[in-house]
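Note that these values count all heavy atoms, side chains included, but never hydrogens, waters or copies made by symmetry.
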Amino acid sequence: MFHHCNYLLSLFLVFTLFVASAQNSAKIMGRVLDEQNEPVPHAQVTLHRVHDGTVAKIITADSIGNFIFPNAPYGNYYVHIKI
């Protein structure tokens, strides 16, 4: 019985940590398009914090212009695109 309770407690702690971390971050995603609404492949996408303009993260869009910042801490951001 003790081992069974220990196992359930471990699962609960892992689930709680996962949920807690999921609530402190957000997914920011988009697609880089040109003036003709065509995808722009491999553009550099920079995520900046609004309050001070500092860079939070830099990534490269994929071959069809999609980008994703999967674990951005909650806050206000703007995105700068460099082709």
Side-chain angles (χ1 to χ4, degrees):
M1 178 68 178
F2 179 71
H3 293 289
H4 179 69
C5 289
N6 206 11
Y7 178 72
L8 289 176
L9 181 58
S10 296
L11 285 177
F12 176 75
L13 290 175
V14 169
F15 180 72
T16 302
L17 291 173
F18 175 73
V19 171
S21 71
Q23 292 175 349
N24 292 327
S25 64
K27 184 187 307 183
I28 300 171
M29 62 176 132
R31 190 170 195 196
V32 182
L33 302 173
D34 65 14
E35 296 83 14
Q36 288 76 38
N37 222 21
E38 294 295 320
V40 178
H42 311 293
Q44 179 179 309
V45 184
T46 306
L47 187 66
H48 294 268
R49 293 175 189 89
V50 168
H51 71 279
D52 62 3
T54 58
V55 174
K57 188 159 186 167
I58 300 172
I59 60 172
T60 301
D62 66 14
S63 62
I64 56 172
N66 294 322
F67 65 88
I68 185 168
F69 295 98
N71 296 311
Y74 281 132
N76 295 314
Y77 299 93
Y78 66 91
V79 175
H80 177 84
I81 308 295
K82 183 177 179 182
I83 300 173

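Grouping Ile, Leu, Val, Met, Phe, Trp and Tyr by side-chain contacts under 4.5 Å, direct or through others, puts M29 with I68.
Across every non-hydrogen atom of Y74 and A26, the tightest pair is CE2-CB, 3.6 Å. Across all non-hydrogen atoms, the minimal contact from H48 to G53 is ND1-O, 3.1 Å.
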Under 3.5 Å, which donor-acceptor pairs do the side chains of residues 56-63 form with other protein atoms, sequence neighbours left out?
unit_1, atom_1, unit_2, atom_2, d
D62, OD1, I64, N, 3.0
D62, OD1, G65, N, 3.1
D62, OD1, N66, N, 2.8

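Inter-residue side-chain proximity for I28 and L47 is flagged as met; some heavy-atom pair is nearer than 4.5 Å.
Side-chain atoms of R49 come within 3.5 Å of backbone N or O of V55 as a donor-acceptor pair.
Linking Ile, Leu, Val, Met, Phe, Trp and Tyr residues whenever their side-chain heavy atoms come within less than 4.5 Å places I81 and V40 in a single cluster.
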Before you tell me yes or no, could you show the steps for V32 and V45 under side-chain contact (heavy atoms from CB on, under 4.5 Å), namely the whole-Å CA-CA distance, both residues' side-chain angles and the distance that decides it to 0.1 Å?
CA-CA 9 Å; V32 182; V45 184; 4.2 Å; yes
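Considering NE2 of H51 and OH of Y77, their distance stands at 9.0 Å, rounded to 0.5 Å.
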